[in-house]
There are 2 protein chains.
Amino acid sequence: MELPIRLSKESREPIYHQIEEQIKALIAGGQLPAGTSLPSIRVLSKELEISVITTRRAYQNLEYQGFIRTTQGKGTFVAEIEASKKEEVKVSAVYHAIEKAVETALRHDYTIEQIEAVFQEIIASLKEKGGHDNDGKVD
Amino acid sequence: MELPIRLSKESREPIYHQIEEQIKALIAGGQLPAGTSLPSIRVLSKELEISVITTRRAYQNLEYQGFIRTTQGKGTFVAEIEASKKEEVKVSAVYHAIEKAVETALRHDYTIEQIEAVFQEIIASLKEKGGHDNDGKVD
DNA sequence: TATAGTGTGTATATAGATATAAACAGTATA
DNA sequence: TATACTGTTTATATCTATATACACACTATA
């Protein structure tokens, strides 16, 4: 199974951290149910064209935080996580991301009206893109 | 003059890059008009409690991109930048920031309605905070 | 002219991120 | 039982980010 992970080359954020955050999002969002097996560190490193040390680093952090479990010889699996913890991770991550974006806009001297307009423009362009099922989510 | 720069300790983004982006935002947003003198690399490093090498790195990148000019013995000043270029930087940075936040939300399996709700909540809490002058900007 | 500021360059050091490679140990399956 | 997968550990290397320190050269001002 291939994970829908995209690494940004222009971001100054470490590669392992981008992977970690995206997998966490998929888990918290429910797209990776408990028990799902993840690609091995070697398979993922090939898919992303990076070192196994880097994918291993991401998996180690996720395991340390309780999102996944790894077993030598068997593989890596999504852990069983309390619904309340998942919800907390989701809400916290999304709130923080939007808050940070708004802060960036304010820093660029955007007014709240302007920020709302840009936001609606992005939402509108998402809706146009199709590729959404009925609940408005990205496939 | 002290710059309104805030470094995030939890961000994995390099310190020099955070400084660079925030100064760029202030310039593009018009809060730092052309000719304004910026703190020296030593003063800024003391204010932010980081190394002069780090502040110098941020200033070097900004100079390379044409946002500031530095003169040995005199100091560092905001460069004269075409209004159209400023606008482009603003629009691009803000659009990208909001788009990235929306992408993070979608990755967490948020629906567009949920994203809109979080966004409105943050906007509402900004309006409540006061500290805004009449044009809705942060002071 | 001397002083205090400014930026610039160099030296040295540490820590983190990333890479390749190899070997080891556990698990599952043919 | 052998093979192919899995994770784990170690070794070595390079690059980037950040730090302290010092010296040099430029500019402005008292």
Side-chain angles (χ1 to χ4, degrees), chain A residues 1-3 5-24 27 32 35-79, chain B residues 1-3 5-24 27 32 35-79:
Chain A
M1 176 263 279
E2 189 157 338
L3 294 175
I5 287 174
R6 286 197 308 152
L7 299 180
S8 165
K9 290 183 171 58
E10 58 192 35
S11 171
R12 307 300 308 157
E13 195 185 353
I15 298 172
Y16 77 86
H17 197 255
Q18 294 182 50
I19 297 166
E20 184 189 331
E21 292 301 316
Q22 292 183 42
I23 292 177
K24 191 182 299 180
I27 293 174
L32 289 177
T36 304
S37 85
L38 298 175
S40 73
I41 55 175
R42 287 181 180 83
V43 167
L44 187 62
S45 74
K46 280 194 177 112
E47 285 171 358
L48 300 179
E49 295 180 336
I50 59 176
S51 159
V52 291
I53 296 296
T54 306
T55 61
R56 177 141 195 271
R57 176 70 186 273
Y59 276 13
Q60 272 183 314
N61 288 352
L62 288 165
E63 182 170 31
Y64 181 78
Q65 295 162 50
F67 288 101
I68 64 175
R69 293 204 178 287
T70 78
T71 306
Q72 183 171 346
K74 288 185 72 175
T76 304
F77 305 88
V78 177
Chain B
M1 173 264 278
E2 189 157 338
L3 295 174
I5 287 175
R6 287 198 305 152
L7 300 181
S8 165
K9 291 184 172 59
E10 56 193 36
S11 172
R12 307 301 306 157
E13 195 184 354
I15 297 174
Y16 77 86
H17 197 254
Q18 294 181 49
I19 297 167
E20 184 188 331
E21 292 300 315
Q22 291 182 42
I23 292 177
K24 191 182 299 179
I27 293 173
L32 289 178
T36 304
S37 85
L38 297 175
S40 73
I41 56 174
R42 287 180 180 85
V43 168
L44 187 61
S45 76
K46 281 195 177 112
E47 285 170 358
L48 300 179
E49 295 179 337
I50 59 177
S51 159
V52 292
I53 296 297
T54 306
T55 61
R56 177 143 190 258
R57 174 74 186 270
Y59 276 13
Q60 274 181 314
N61 288 353
L62 287 165
E63 182 170 31
Y64 180 79
Q65 295 164 48
F67 289 100
I68 64 175
R69 291 204 179 289
T70 76
T71 306
Q72 184 172 344
K74 289 184 73 176
T76 304
F77 305 87
V78 178

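Keep in mind the model is a prediction, meaning the values are calculated, not measured. Residue numbers begin at 1 in each chain, while the letters A, B, ... track the order of the sequences.
Across the protein-nucleic acid pair, A:Lys74 atom NZ and D:dC5 atom C1' stand 14 Å apart, rounded to whole Å. Rounded to whole Å, atom C1' of D:dC22 lies 11 Å from atom CD1 of B:Ile53. One can place OH of B:Tyr64 at 19 Å from C1' of C:dT8, the figure rounded to the nearest angstrom. Taking atom CD1 of A:Ile68 as the reference point, atom C1' of D:dG7 lies 11 Å away to the nearest angstrom. Residue A:Ile41 contributes atom CD1, which lies 7 Å from atom P of D:dT8 at whole-angstrom precision. Atom CD of A:Glu49 and atom C1' of C:dT20 are 16 Å apart (whole Å). Rounded to a whole Å, the CZ atom of A:Phe77 is 9 Å from the P atom of D:dG7. Rounded to a whole Å, the CG atom of A:Asn61 is 11 Å from the P atom of C:dT18.
For B:Thr76, taking side-chain heavy atoms from C-beta onward, the closest of the listed nucleotides D:dT18, C:dG7, D:dG7 is C:dG7. Of all nucleotides listed (C:dG16, D:dG7, C:dG9), C:dG9 comes nearest to the side chain of B:Arg56. Among the nucleotides D:dG7, C:dA19, D:dT20, the one closest to any side-chain atom of A:Thr70 is D:dG7. Of the listed nucleotides (C:dT20, C:dA23, D:dT18), D:dT18 has the atom at the smallest distance from the side chain of B:Ile15. The side chain of A:Arg12 sits closest to D:dT16 out of C:dT18, C:dA17, D:dT16. Nearest nucleotide to the A:Gln72 side chain, out of C:dG7, D:dT10, D:dT6: D:dT6.
In this structure, B:Arg42 reaches the bases: a heavy-atom distance under 4.0 Å links it to at least one base atom across the strands shown.
An angle of 10°, rounded to 10°, separates the two end axes of the helix from C:dT1-D:dA30 to C:dA30-D:dT1, each defined over five pairs.
The side-chain heavy atoms of B:Leu3 and B:Pro39, taken from C-beta on, include a pair separated by under 4.5 Å. Residues A:Leu38 and A:Leu32 meet the side-chain proximity criterion, which asks for heavy atoms closer than 4.5 Å. The closest side-chain heavy-atom distance from B:Phe77 to B:Thr36 is not below 4.5 Å.
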- Given the rule in the side-chain contact (heavy atoms from CB on, under 4.5 Å) test, do A:Arg12 and B:Arg12 qualify, once you have shown the distances and angles that lead to the verdict? CA-CA 8 Å; A:Arg12 307 300 308 157; B:Arg12 307 301 306 157; over 6 Å; no
- Query: Passes side-chain contact (heavy atoms from CB on, under 4.5 Å), B:Lys24 versus B:Leu62? Steps please.
  - Reply: CA-CA 7 Å; B:Lys24 191 182 299 179; B:Leu62 287 165; 4.1 Å; yes
- Walk me through it: do A:Ser8 and A:Glu13 pass the test side-chain contact (heavy atoms from CB on, under 4.5 Å)? CA-CA 9 Å; A:Ser8 165; A:Glu13 195 185 353; over 6 Å; no
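Taking 4.0 angstrom as the limit, B:Thr54 places a side-chain polar atom (N or O) nearer than this to OP1 or OP2 of D:dA19. For D:dG7, the OP1/OP2 oxygens have no side-chain nitrogen or oxygen of A:Thr71 closer than 4.0 Å. Between B:Tyr16 and D:dA17 there is a side-chain N or O to OP1 or OP2 distance below 4.0 Å.
For A:Arg57 and A:Tyr16, the positive end sits near the middle of the six-membered ring, less than 6.0 Å away and at most 45° from its axis.
Smallest separation of non-hydrogen atoms from A:Ile41 and A:Tyr59: CG2-CD2, 3.6 Å.
When each of B:Val52 and B:Arg57 is assigned the nucleotide of DNA chain D with its nearest heavy atom, B:Arg57 is the one assigned upstream, toward the 5' end. Each of A:His17 and B:Gly75 was matched to the nucleotide of DNA chain C holding its nearest heavy atom; the match closer to the 5' end belongs to B:Gly75.
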